[in-house]
> 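Got a structure here, written out as C-alpha cells. Questions coming.
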Amino acid sequence: MSDAIVVDASIALKWIFNEDYSDGARSLLRHTLAQGHELVAPAIFLSEVTNAVFQHERLGLITAKESDLAIASLLANPVEVLSPPTLYGDALELARQHGLRATYDSQYLALAVSLDAEFWTADDRLFDALPRSLGWVRRIADYRVPRALRKTSLLLK
C-alpha cells in the first residue's frame with residue numbers, strides 16, 4: 001500500500017461545511033498530513049466540489065462570499081490532482097465491474113488502484129455498491145482517530 005490517500009469530493013465537502021462526520025474527515029486530513037502522506041484525487045474532484053459549493057449558494061444555504069471562501073479553502077488544502085493516462089479506461093471498467101450508475105465515482109477507484117492507495121469517501125451509496133473485499137475502500141463514518149493523535153494539538157483545531 002502506498003503512502004498516498006485518495007479522497008473524493010464528499011470528503012472535501014466535510015472539510016468545508018459542518019456536516020455529519022465532518023470531525024472525522026477533518027481528523028483524517030490532519031492525520032494524513034501529520035504522517036507525511038499525500039492526499040490525491042482525480043481531476044473531477046475540483047469540479048465536483050466547486051459544483052456542490054455553488055449548489056449550497058444557489059439554494060441560499062451560504063452567501064456568495066462564503067462560496068468564494070469555501071473554494072479558496074479547498075484550493076489551500078494540499079490535495080494533488082492526478083490524471084494518469086489509463087484513468088478513464090480503468091474507471092469505465094470498474095464502473096462496469098461493480099455495476100455503478102456512472103463513471104464519476106469510479107475515477108476515484110481507478111486512481112486508488114493505480115497508486116495502490118486507500119480511498120476514503122463519505123458517499124454511502126458508492127460504499128454500499130462495492131464489495132467488502134475491496135478493503136482499501138474506506139467510509140468516513142467508520143474512521144477512528146488513531147490513538148497516537150488523540151492527545152496531540154493536531155486535534156484541537
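Note that this is a predicted model, so its numbers are computed, not measured. As a basis for the values below, the full set of heavy atoms in this structure was taken, side chains included, without hydrogen atoms, waters or symmetry mates.
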> In terms of the angle between their ring planes, are Phe17 and His56 parallel, tilted or perpendicular, with boundaries placed at 30° and 60°?
parallel

> Once you round to the nearest 0.5 Å, how far does CD of Glu118 lie from CD1 of Ile5?
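It comes to 5.0 Å.
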
> May I ask you to test the Trp120-Val6 pair for a side-chain heavy-atom distance under 4.5 Å?
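When only atoms from C-beta onward are counted, Val6 and Trp120 do not touch, as no gap falls below 4.5 Å.
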
> Assess whether a salt bridge exists between Arg139 and Asp128, defined as any Lys/Arg side-chain N lying under 4.0 Å from an Asp/Glu carboxylate O.
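Here Arg139 pairs with Asp128 in a salt bridge, since their nearest N and O are under 4.0 Å apart.
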
> At their closest point, which heavy atom of Ala102 faces which heavy atom of Ala95, and how far apart are they?
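Heavy atoms only, the tightest pair is O-CB, 3.9 Å.
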
> So which heavy atom on Ser114 is nearest to which on Pro84, and how close?
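Ser114 and Pro84 have their closest heavy atoms at OG-CG, 4.0 Å.
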
> Compare every heavy atom of Ser83 with every heavy atom of Ala43, then report the nearest pair and how far apart it is.
CB-OG, 3.6 Å

> For the CG atom of Asp105 and the CD1 atom of Ile44, what is their distance to the nearest 0.5 Å?
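Rounded to the nearest 0.5 Å, the CG-CD1 separation comes to 8.0 Å.
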
> For residues His37 and His31, determine if any side-chain heavy atom of one lies less than 4.5 Å from a side-chain heavy atom of the other.
no

> Looking only at heavy atoms, which two atoms of Ala122 and Ser10 are closest? And how far apart?
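Of all heavy-atom pairs spanning Ala122 and Ser10, the closest is N-OG, 2.8 Å.
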
> Quick check: do His98 and Leu134 have side-chain heavy atoms less than 4.5 Å from each other?
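His98 reaches Leu134 side chain to side chain.
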
> For the side-chain contact (heavy atoms from CB on, under 4.5 Å) test, which of Asp8, Val40, Val81 pairs with Leu111?
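Among Asp8, Val40, Val81, the one that satisfies the side-chain contact (heavy atoms from CB on, under 4.5 Å) with Leu111 is Val40.
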
> Apply the test side-chain contact (heavy atoms from CB on, under 4.5 Å) to residues Thr121 and Val7: give CA-CA distance (whole Å), side-chain angles for both, the deciding distance (0.1 Å), then the verdict.
CA-CA 6 Å; Thr121 185; Val7 293; over 6 Å; no

> Using a 3.5 Å distance criterion without hydrogens, assess whether the side chain of Ser27 forms a donor-acceptor pair with backbone atoms of Gly24.
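Not at all, since once roles are kept as given, no pair shorter than 3.5 Å links the two residues.
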
> Checking side-chain contact (heavy atoms from CB on, under 4.5 Å) for the pair Leu115/Leu82: CA distance, chi angles, key distance, verdict?
CA-CA 10 Å; Leu115 298 174; Leu82 301 175; 4.0 Å; yes

> Looking at Ile71, Leu69, Leu61, which hits side-chain contact (heavy atoms from CB on, under 4.5 Å) with Val53?
Ile71

> Within a strict 4.5 Å, meaning less than it, do heavy atoms of the Ile11 and Asp123 side chains meet?
no

> When the ring planes of Tyr108 and Phe45 are compared, do they come out parallel, tilted or perpendicular, using 30° and 60° as the limits?
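Judged by the thresholds at 30° and 60°, the geometry between Tyr108 and Phe45 is perpendicular.
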
> In the single-linkage hydrophobic clustering (I, L, V, M, F, W, Y; side-chain heavy atoms under 4.5 Å), do Leu75 and Phe54 co-cluster?
no

> Regarding Asp90 and Thr86, is there a side-chain donor-to-acceptor distance under 3.5 Å anywhere?
yes

> Do Arg138 and Tyr143 make a side-chain contact, defined as non-hydrogen atoms from C-beta onward lying under 4.5 Å apart?
no

> Flag the pair Leu33 / Pro78 as yes when at least one side-chain heavy-atom distance between them is below 4.5 Å, and no otherwise.
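Contact flag for Leu33/Pro78 side chains = yes.
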
> Might you point out which heavy atoms bring Lys14 and Ser22 nearest each other, and give the distance in Å?
O-OG, 3.1 Å

> Under a 3.5 Å cutoff, is there a donor and acceptor pairing between the side chains of Arg26 and Asn18?
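Yes, side-chain donor-acceptor contact under 3.5 Å.
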
> Output the distance between atom CG (Leu39) and atom OG1 (Thr32), rounded to the nearest 0.5 Å.
5.0 Å

> Same hydrophobic cluster for Leu126 and Trp136, using side-chain heavy-atom links shorter than 4.5 Å among ILVMFWY?
yes

> To the nearest 0.5 Å, tell me how far Leu109 CG sits from Leu130 CG.
5.5 Å

> Any side-chain heavy-atom pair from Ile16 and Val49 closer than 4.5 angstrom?
yes

> Rounded to the nearest 0.5 Å, how far apart are CD of Glu57 and OG1 of Thr63?
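These two atoms lie 7.5 Å from each other.
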
> Do we get Arg132 above Phe127's six-membered ring, with its NZ or CZ under 6.0 Å from the centre and within 45° of the axis?
yes

> To the nearest 0.5 Å, what is the distance between OH on Tyr21 and CD1 on Ile140?
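Rounded to the nearest 0.5 Å, the OH-CD1 separation comes to 10.0 Å.
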
